[in-house]
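Basis for what follows: all heavy atoms, side chains included, without hydrogens, waters or symmetry-related copies.
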Amino acid sequence: MNFTLNCKLGPKQTLPVEVSALMRVSELKELIRAKLPVGSSRSRKIVLVRLHMNGSEEISDYDLSGIIGAVNAFAEEHAVRLSVKDSFSAEVMRPGKTLAEYKFPESPKSNVCDVLVVESSRQFLEGIFSKTVEFEVKSGQDVIRFYKEEIAPLFDKSKTFEEITQVFESDRLEKFTSKPLSLFQSEGDELKKGALPDLKYQSRNLQTDIQMEIERFIESNEFVGLLIGPTGCGKTHQLLHIGKTNFTIFIDAQAYPAANETYDHSLNQLKSMCENVTKKWQSRNADLNAIRALAYAFILTRTLYLKYLREKYPSLTPMQFLLYQIFNGKMLATVFQLLAQFSFDVITFIGGNIPCLKCFICIDEAHVLLDRPGSTIISEMDGNHIQQNGDVNEKSKRGILSALLWAIKQGDYAKKVLFSGTSQRLRNIDNFGYFETKPVSPTLLNNFCAWTPEMAQTYVSSLVDVDSNVLSEILVDNYRPRILENFVYDLFKVAVNDTDSPTIKDARLARKEDLRTIRLILEESYKAVIHRFTRVSIEPIADQIRSNSYTLVLLRLLISSMISCNGEVVPFHLEPSDISFFTDAVGSIYLVSDIQSNGIASYSFYEGYVIDALLESFKHELEKESLHSALNLLRNIIASEGRKSTAKGTPFEAVVLAELLKHKDRLVSDVIGRFGVKFDHPDLRIPARELKMADERIIAERPQHSFIRPTNQFRPDIIAFLSPNTLLSCGIKLYTSNIKEAVHKENLKSTDPRLFFEKKDRATNQEKRRLWVDSFSSSPISLSVRFLFEFPGINPAIDFNNGRYVEDGMESVVILITAENMDVLFSDDVCRVVRFCNV
């Protein structure tokens with residue numbers, strides 16, 4: 001009897017073959033081998049797998065991928081029947097048998113393959129889908145025997161690895177090299193990206209604020225830490241640093257690993273198994289112990305592996321354990337599959353009777369595991385998990401991450417637990433079972449900040465052997481670590497990151513020969529990496545912001561992020577609902593203040609290239625708000641400050657100075673008079689220029705008719721000697737809410753000439769203070785004009801009036817300038833920026 005056999009080569013790849021029921025499996029192999037697509041290795045071993053369906057359910061692409069990765073020569077030789085899951089099982093077909101012996105033909109089933117074709121080699125392990133366990137566990141001795149006879153032999157199949165340290169050469173016309181880098185290899189696998197080793201596993205590390213925050217957490221009594229920050233801001237970098245220096249179970253939970261990424265096979269299994277369990281439930285929370293058992297088996301697998309390696313290699317280092325996990329994902333999946341077949345009572349009994357070492361447990365991209373397996377598992381902590389419309393309250397959903405935290409606590413396996421992700425919803429993590437007790441209350445570790453230009457130059461220089469002077473002219477922005485990694489990868493293999501755009505990749509490759517100097521190569525690579533980030537990340541963000549009606553909030557956040565004041569970013573306050581959207585959906589903002597009890601917190605964009613890209617995306621909306629010319633003003637000011645790439649970090653002190661210079665040569669009495677204060681010095685005029693000068697020279701020379709921005713040790717933000725004994729000083733504060741009384745009083749003190757170089761009754765610089773006191777004593781300031789720029793304004797409860805005062809023989813004129821009266825001095829563009837950010 002002849003019929004068509006559908007041979008599945010992999011997900012979405014089917015090869016129909018005309019066969020007969022009496023054809024032997026060996027003959028079918030040769031027939032398939034001859035029909036394999038061009039590019040397949042026709043000399044490679046082929047294994048055929050017969051899928052036995054136990055129901056009408058279709059086999060997912062994920063299950064097919066798992067079987068393909070599982071089958072090997074061992075399975076073929078022993079004709080192992082693989083117990084996969086309740087809905088189907090898989091059996092390796094032996095060469096000498098006929099198709100009829102495997103019950104072919106049968107009635108065709110829609111979208112279900114008859115035979116799975118696996119191109120195999122002995123490099124594959126026994127498989128993700130192992131034999132059904134027939135081991136009885138009733139006592140502690142049974143557990144030890146089970147570990148020695150069943151688990152340890154699987155661990156014995158671990159792949160070893162080697163570290164090769166070498167210098168790598170670029171593929172550019174003008175050659176340059178890397179610094180010595182470590183390439184880790186294991187039986188054909190290697191941790192490599194493009195032409196370089198994977199930079200995440202190099203020994204480079206920069207001390208950052210978030211690293212110090214994590215170190216304090218490690219020394220504390222807290223147990224669960226959450227690293228929450230923008231995509232690419234260094235969360236993975238920090239978790240891997242922990243893994244390199246402490247024995248750590250490291251899990252990458254990314255949802256859609258790229259083809260060139262190492263991903264966790266056993267975690268993919270765990271996701272699939274949990275979904276298969278929950279979709280059979282007739283009601284929510286029907287069998288939580290089944291989920292707990294799977295999570296427990298998953299954590300126990302890694303813990304037992306650390307025990308095994310420490311016993312086998314007493315000198316094992318944390319870095320080596322990290323690499324063993326990365327290179328042996330399939331073997332760990334085999335062990336997990338074995339343990340996952342035990343019931344809840346048995347698996348917890350096994351775990352409780354095998355002494356294991358405590359270690360750190362880190363899960364990267366943990367937000368991926370928040371919802372899985374969806375709304376079938378919910379929290380009963382509040383009792384209000386069902387909304388009026390019958391849906392599950394979003395905050396009450398629980399997923400695999402909660403189950404893993406329960407398993408970690410139940411097994412007492414961890415010294416510390418760290419989850420990282422972009423979503424603020426990680427803060428709602430619970431322990432999957434103790435509903436009557438307090439929530440987990442994890443410690444939030446979110447002191448992330450983009451790397452400064454100096455940090456970026458240090459990091460790249462540690463990897464690439466190029467002129468630091470040239471590099472310092474390229475890296476002038478703030479950066480997240482991933483941008484810098486991609487920059488280095490691109491330097492050594494042009495367009496290695498441009499996999500999403502073949503057109504751009506081809507164009508860059510065509511221009512490769514035109515770049516004949518290191519400077520041109522660095523500039524072209526840098527622009528390409530930033531452009532790709534904009535194309536891949538910013539454009540979808542812009543669409544999402546518009547569709548969710550957050551455009552105005554974004555524009556205010558952008559404008560405030562462009563400006564700095566007193567050397568600090570201008571914090572923009574976000575309401576709790578806005579925080580959820582911008583951290584979860586936008587994922588590019590950084591926290592700059594502690595979250596208050598009412599849920600409000602301050603945020604900012606740090607990277608200029610992010611700000612510029614969003615400004616470009618929303619240029620029509622900015623024009624609608626009449627902000628286009630104001631943005632040009634800010635950009636021109638930052639250009640005058642010496643920054644080349646972006647308007648990020650425009651000092652508001654420079655904005656104020658630029659506005660004051662527009663009044664050059666105007667009578668000071670006219671300006672002060674417009675604020676309602678009489679000024680009896682008709683000969684004094686507003687300076688006409690800006691002068692840059694060191695503090696010591698300012699004190700010694702008292703240069704007249706010039707504005708100066710001294711160091712912050714001087715205290716005022718801007719000063720000008722209108723005459724040898726007449727001083728104009730400005731104190732500048734820019735907030736997104738009213739100025740508090742303590743800040744106002746401190747600003748008032750900072751402009752008092754008698755208190756220069758003093759702050760909180762201490763000298764800001766002892767030597768400069770002495771010089772100023774001597775100068776003030778020999779030639780006292782007789783007239784002090786003090787401008788207090790405080791935006792948007794002071795707290796209404798503060799009692800303050802503009803006016804003239806005489807104190808200790810010094811006449812003082814103090815003028816408070818707020819959003820209400822700033823149009824006396826400021827242009828429409830600056831007024832519009834300040835008011836727009838403070839609506």
Side-chain angles (χ1 to χ4, degrees), residues 125-161 243 246-252 264-270 273 292-318 320-363 400 403-417:
L125 301 172
E126 283 188 28
I128 292 174
F129 302 95
S130 58
K131 295 182 290 184
T132 303
V133 176
E134 298 179 358
F135 202 103
E136 211 169 17
V137 178
K138 293 184 177 180
S139 66
Q141 289 183 336
D142 290 340
V143 171
I144 300 301
R145 189 162 58 88
F146 171 70
Y147 171 76
K148 291 181 178 179
E149 295 181 8
E150 298 288 333
I151 301 296
L154 294 176
F155 287 153
D156 287 337
K157 299 180 183 292
S158 294
K159 293 193 291 186
T160 58
F161 56 86
N246 303 271
F247 285 108
T248 301
I249 291 174
F250 182 84
I251 299 160
D252 187 346
D264 198 304
H265 294 272
S266 55
L267 186 64
N268 284 347
Q269 280 183 276
L270 179 64
M273 289 178 177
R292 292 189 185 113
L294 291 173
Y296 194 98
F298 180 85
I299 296 297
L300 182 59
T301 298
R302 304 300 180 101
T303 307
L304 291 177
Y305 193 38
L306 175 57
K307 168 188 171 65
Y308 168 85
L309 290 172
R310 288 292 298 272
E311 291 174 350
K312 185 173 182 179
Y313 307 109
S315 60
L316 183 79
T317 66
Q320 289 170 339
F321 177 54
L322 178 65
L323 293 169
Y324 269 111
Q325 293 176 83
I326 292 169
F327 283 119
N328 288 286
K330 293 176 182 177
M331 180 276 295
L332 290 171
T334 303
V335 177
F336 168 57
Q337 179 69 24
L338 185 66
L339 294 174
Q341 297 180 63
F342 287 109
S343 67
F344 174 81
D345 292 336
V346 174
I347 192 64
T348 53
F349 181 77
I350 291 173
N353 282 274
I354 302 180
C356 294
L357 297 170
K358 280 190 174 185
C359 63
F360 288 79
I361 298 181
C362 296
I363 301 182
I400 292 173
L404 290 173
L405 182 56
W406 174 89
I408 292 166
K409 285 193 166 187
Q410 182 72 15
D412 194 24
Y413 292 132
K415 293 179 179 179
K416 300 283 181 179
V417 178

**Q** Sequence neighbours left out, what passes side chain to side chain donor-acceptor pair (under 3.5 Å) with T160? Give chain and number order.
**A** none
**Q** Who are the ring pair (Phe, Tyr, Trp, His ring centres under 6.0 Å) partners of F336, not counting sequence neighbours?
**A**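 Partners of F336 under the ring pair (Phe, Tyr, Trp, His ring centres under 6.0 Å) test: F298.
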**Q** Minimum heavy-atom separation for I347 to Y296, with atom names?
**A** O-CE2, 3.3 Å
**Q** Restricting to ring pair (Phe, Tyr, Trp, His ring centres under 6.0 Å), what partner residues turn up for F360, sequence neighbours left out?
**A** none
**Q** For F344, what residues pass the ring pair (Phe, Tyr, Trp, His ring centres under 6.0 Å) criterion, not counting sequence neighbours?
**A**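 Partners of F344 under the ring pair (Phe, Tyr, Trp, His ring centres under 6.0 Å) test: W406.
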**Q** Taking the six-membered ring of F247, is NZ or CZ of R310 closer than 6.0 Å to its centre and within 45° of its axis?
**A** yes
**Q** Of the options I363, I251, I361, which is the one that meets L404 in a side-chain contact (heavy atoms from CB on, under 4.5 Å)?
**A** I363
**Q** Are any non-hydrogen side-chain atoms of C356 and L304 less than 4.5 angstrom apart?
**A** yes
**Q** Work out which heavy atom in L332 is nearest to a heavy atom in F155; give both atom names and the distance.
**A**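 Result for this residue pair: CD2-CE2, 4.3 Å.
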**Q** Can you sort out the partners of K358 under salt bridge (Lys or Arg N to Asp or Glu O under 4.0 Å), two or more places apart, ordered by chain and number?
**A**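 Partners of K358 by the salt bridge (Lys or Arg N to Asp or Glu O under 4.0 Å) criterion, ordered by chain and then number, come out as D412.
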**Q** Identify whether NZ of Lys or CZ of Arg in K307 sits under 6.0 Å from the centre of the six-membered ring of Y147 and within 45° of that ring's axis.
**A**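 Pair K307/Y147 counts as cation-pi.
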**Q** Where do H265 and A333 come nearest, in terms of heavy atoms and distance?
**A**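 H265 and A333 have their closest heavy atoms at CB-CB, 4.0 Å.
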**Q** Got a second to check how far I400's CD1 is from L267's CG, nearest 0.5 Å?
**A** 7.0 Å
**Q** Could you state the interatomic distance from CG (N328) to OH (Y305), rounded to the nearest 0.5 Å?
**A** 3.5 Å
**Q** Which pairs pass salt bridge (Lys or Arg N to Asp or Glu O under 4.0 Å) with one or both residues in residues 344-356, sequence neighbours excluded?
**A** none
**Q** Which value, rounded to the nearest 0.5 Å, describes the distance between T334 atom OG1 and L339 atom CG?
**A** 11.0 Å
**Q** Kindly write out the residues that satisfy side chain to side chain donor-acceptor pair (under 3.5 Å) with K415, not counting sequence neighbours, or none if the list is empty.
**A** none
**Q** If you compare all heavy atoms of I249 against all heavy atoms of I299, which two are closest, and at what distance to 0.1 Å?
**A** CD1-O, 4.4 Å
**Q** Got a sec, which residues hit salt bridge (Lys or Arg N to Asp or Glu O under 4.0 Å) with D156, two or more places apart in sequence or on another chain?
**A** none
**Q** Taking all non-hydrogen atoms of both residues, which atom of A414 and which atom of I408 are closest, and how far apart?
**A**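 In terms of heavy atoms, the two residues are closest at CB-CG2, 3.6 Å.
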**Q** Who are the side chain to side chain contact (heavy atoms under 4.5 Å, CB included) partners of K138, not counting sequence neighbours?
**A** E136, D142
**Q** Check whether Q337 reaches the backbone of Q269 with its side chain - one donor and one acceptor, N or O, closer than 3.5 Å.
**A** no
**Q** From F250 CZ over to Q325 CD, what is the distance, rounded to the nearest 0.5 angstrom?
**A** 9.0 Å
**Q** Applying side chain to side chain donor-acceptor pair (under 3.5 Å), name anything that partners K416, two or more places apart in sequence or on another chain.
**A** none
**Q** With sequence neighbours excluded, what pairs up with Y324 under the side chain to side chain donor-acceptor pair (under 3.5 Å) test?
**A** none
**Q** Hey, what do you get for OG1 (T301) to CG (L270), rounding to the nearest 0.5 Å?
**A**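 Answer rounded to 0.5 Å: 10.0 Å.
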**Q** Search all heavy atoms of A293 against all heavy atoms of F342 and return the closest pair with its distance.
**A** CB-O, 4.4 Å
**Q** Between atom CZ of R292 and atom CG of L294, what is the distance when rounded to the nearest 0.5 Å?
**A** 12.0 Å
**Q** Go through the structure and list residues passing ring pair (Phe, Tyr, Trp, His ring centres under 6.0 Å) with F321, not counting sequence neighbours.
**A**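 With neighbours one apart ignored, the set is empty.
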**Q** Go through it in stages, so that I can follow the logic: the residues are I151 and V335, the test is side chain to side chain contact (heavy atoms under 4.5 Å, CB included), and I'd like the CA-CA distance, side-chain angles, deciding distance and then a yes or no.
**A** CA-CA 7 Å; I151 301 296; V335 177; 4.0 Å; yes
**Q** So R302 and C359, side chain to side chain contact (heavy atoms under 4.5 Å, CB included) or not? Walk me through it.
**A** CA-CA 10 Å; R302 304 300 180 101; C359 63; over 6 Å; no
